[in-house]
There are 2 protein chains.
Amino acid sequence: MQPHKRVIEPTPWRSQKDEVRAPGKNKDGKMVKRTSLEGNPCPIARSLDAIGDWWSLLIIRDAFLGIRRFGAFQRSLGLAKNILTVRLRALVDRGILATEPAADGSAYRDYVLTPKGRGLFPILVALRQWSEEFDEHPDEIATVLVDRAHRRPVRKLLLCADDGTPLAPGETMLAPR
Amino acid sequence: MQPHKRVIEPTPWRSQKDEVRAPGKNKDGKMVKRTSLEGNPCPIARSLDAIGDWWSLLIIRDAFLGIRRFGAFQRSLGLAKNILTVRLRALVDRGILATEPAADGSAYRDYVLTPKGRGLFPILVALRQWSEEFDEHPDEIATVLVDRAHRRPVRKLLLCADDGTPLAPGETMLAPR
DNA sequence: TCTATTGGTTTAATAATGCAACCATATGGA
DNA sequence: TCCATATGGTTGCATTATTAAACCAATAGA
């Protein structure tokens with residue numbers, strides 16, 4: 001007996017409803033696109049649509065550390081320049097970064113965080129604290145986030161109710177808006 | 001005059017040091033790999049290495065909402081089953097999800113959050129709150145996170161110093177560990 | 001004026017993702 | 001008990017994203 005053979009082309013014995021399409025194409029014959037989360041009603045998905053790839057968040061991180069120039073981002077992150085170009089443009093388009101004349105007076109441009117971009121700080125802190133708490137090799141973590149005035153580690157981010165009492169995940173729920 | 005022509009193959013006038021390599025290969029002729037953030041000393045990068053793609057965080061989100069079964073994740077997220085398979089396996093491997101016998105007594109398995117996975121909650125909250133505060137179409141956001149007891153929206157995550165005073169991004173810095 | 005730096009773009013190759021077909025096992029009902 | 005359907009995947013292929021390296025125009029520096 002023959003081993004199973006994959007049927008890709010339409011075959012006579014295949015029923016009408018069991019339609020055969022070329023892989024990589026949908027029923028309209030349109031191209032397959034990487035799914036976008038744009039317009040998703042979930043705010044988490046909406047955020048991920050804007051900054052949900054690593055490079056974007058690492059660029060933001062570096063921006064918080066004071067990096068402003070294209071070349072500096074590239075050297076710091078070690079990513080391909082074409083990717084950096086695309087990412088920076090997307091972040092500017094979304095109002096997370098803005099360009100301005102270079103601080104050193106040259107004809108080049110700096111990339112700086114907008115207020116919307118600075119609003120991402122809690123996300124970076126949350127990512128950092130998760131790693132600090134759960135990473136399997138915490139000894140490999142090089143830095144601690146401290147408050148500049150006293151040089152002491154910051155507190156963990158804490159989710160609180162309206163009245164200030166701390167909330168565990170299970171003590172919360174989603175309500176329609 | 002001819003338009004510029006791209007030189008990919010080695011040419012006589014090209015110097016020794018200006019070596020020519022096939023694009024997509026490095027100097028050793030090895031395959032191009034997607035960069036991994038594993039072992040990176042930055043804790044943000046380490047977190048992103050574990051959960052830095054959309055689908056993973058959306059799976060986690062659904063897990064917090066009580067979704068446990070393969071098929072339920074797939075229907076909820078609308079992602080391809082092969083991708084879901086890979087993602088779930090990676091999350092289990094990293095100790096973020098675990099499998100256990102299905103709660104309904106069937107022979108299937110449930111995917112449930114581990115303590116490490118539940119530790120991701122602040123990240124999800126931070127993503128949510130950023131969208132709530134800065135999204136251009138906040139009217140499209142369907143839900144609010146409330147505390148279960150009083151049904152009132154939770155507070156914004158607040159970064160605090162050791163002594164409890166709130167900290168802005170600029171009032172923090174990184175110190176070596 | 002010449003050279004190096006900066007900030008990209010282009011090309012070719014590989015890796016990741018998406019879609020749909022396929023399949024083995026489990027479940028539910030007649 | 002038999003059969004149909006649901007579940008939880010795997011496989012194959014097309015498309016898209018990411019990457020490394022070459023290339024280039026404009027700027028800056030000497």
Side-chain angles (χ1 to χ4, degrees), chain A residues 3-11 14-15 17-36 52-56 68-75 77-90 99 101-102 104-111, chain B residues 3-11 14-15 17-37 52-56 68-75 77-90 92 99 101-102 104-111:
Chain A
H4 287 302
K5 212 171 165 188
R6 213 141 269 281
V7 177
I8 298 299
E9 297 305 322
T11 51
R14 185 168 288 277
S15 77
K17 62 173 291 205
D18 194 5
E19 53 178 330
V20 173
R21 288 176 214 141
K25 300 233 172 157
N26 63 18
K27 58 214 119 202
D28 309 315
K30 284 189 201 154
M31 296 185 300
V32 174
K33 281 242 182 177
R34 169 181 265 228
T35 65
S36 161
D53 66 296
W54 317 343
W55 290 131
S56 293
R68 308 164 71 90
R69 292 283 281 268
F70 183 94
F73 283 110
Q74 205 244 318
R75 279 188 299 278
L77 297 169
L79 85 172
K81 293 201 290 180
N82 49 355
I83 304 295
L84 180 57
T85 300
V86 172
R87 287 286 170 276
L88 286 174
R89 237 196 296 276
T99 57
D104 62 6
S106 72
Y108 299 115
R109 315 236 353 132
D110 279 349
Y111 292 90
Chain B
H4 287 300
K5 210 170 168 189
R6 215 142 267 279
V7 178
I8 298 299
E9 298 304 322
T11 50
R14 185 168 287 278
S15 77
K17 63 173 289 202
D18 194 5
E19 53 177 331
V20 173
R21 287 177 215 139
K25 299 230 171 157
N26 64 19
K27 59 215 119 198
D28 309 317
K30 285 192 200 147
M31 296 184 299
V32 173
K33 281 238 180 178
R34 170 179 267 228
T35 66
S36 162
L37 266 20
D53 66 296
W54 304 352
W55 289 131
S56 293
R68 307 165 69 90
R69 292 285 281 268
F70 183 95
F73 283 110
Q74 206 243 318
R75 280 188 298 278
L77 297 169
L79 85 173
K81 292 201 289 181
N82 50 350
I83 305 293
L84 179 57
T85 301
V86 171
R87 287 286 168 274
L88 287 174
R89 237 195 295 276
V92 170
T99 57
D104 62 3
S106 72
Y108 299 114
R109 314 235 355 129
D110 279 351
Y111 292 89

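Note on naming: letters A, B, ... go to the chains in the order of the sequence lines (proteins, then strands), and numbering restarts at 1 for each one.
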task = Measure from CG on A/Asp53 to C1' on C/dA16 and round the result to the nearest Å.
result = 14 Å
request  = Looking at every strand, decide which applies to A/Phe73 at a 4.0 Å heavy-atom threshold: base, sugar-phosphate, or nothing.
outcome  = nothing
key: Given C/dT6, C/dT9, C/dG18, the nucleotide with the shortest approach to the side chain of A/Arg69   = C/dT6
inquiry  = I want to confirm an ordering. Mapping B/Gly71 and A/Arg87 to their closest nucleotides on DNA chain D, which one lands closer to the 5' end?
reply    = B/Gly71
query = Rounding to a whole Å, what distance do you find between B/Leu37:CG and D/dT19:P?
reply = 10 Å
remark   = Separation of C/dC19 atom C1' from B/Trp55 atom CH2, nearest Å, is 13 Å
key: B/Thr85 and B/Asn82: side chain donor to acceptor below 3.5 Å   = no
task = Name the residue closer to the 5' end of DNA chain D, choosing between A/Tyr108 and A/Lys81 according to the nucleotide with the nearest heavy atom.
result = A/Lys81
task = Could you tell me the separation between the CZ atom of B/Arg68 and the P atom of D/dG8, rounded to a whole number of Å?
result = 12 Å
ask   = Rounded to the Å, how far apart are A/Asp104 CG and D/dA28 P?
value = 9 Å
query = Which whole-number value in Å describes the distance from A/Leu79 CG to C/dG7 C1'?
reply = 13 Å
request  = Have a look at A/Ala80 and say if it touches a base, only the backbone sugar-phosphate, or nothing, with a 4.0 Å heavy-atom cut-off.
outcome  = base
message = What is the separation between atom CG on A/Leu84 and atom C1' on D/dT18, rounded to the nearest whole Å?
response = 13 Å
inquiry  = Suppose we call a contact any N or O donor and acceptor under 3.5 Å apart; does that hold for the side chain of A/Asn82 and the base of C/dG7?
reply    = no
ask   = Over how many whole Å does the gap from A/Ile83 atom CD1 to C/dA13 atom C1' extend?
value = 13 Å
ask   = For the atom pair CG (A/Leu79) and CZ (A/Arg87), what is the distance rounded to the nearest 0.5 Å?
value = 8.5 Å
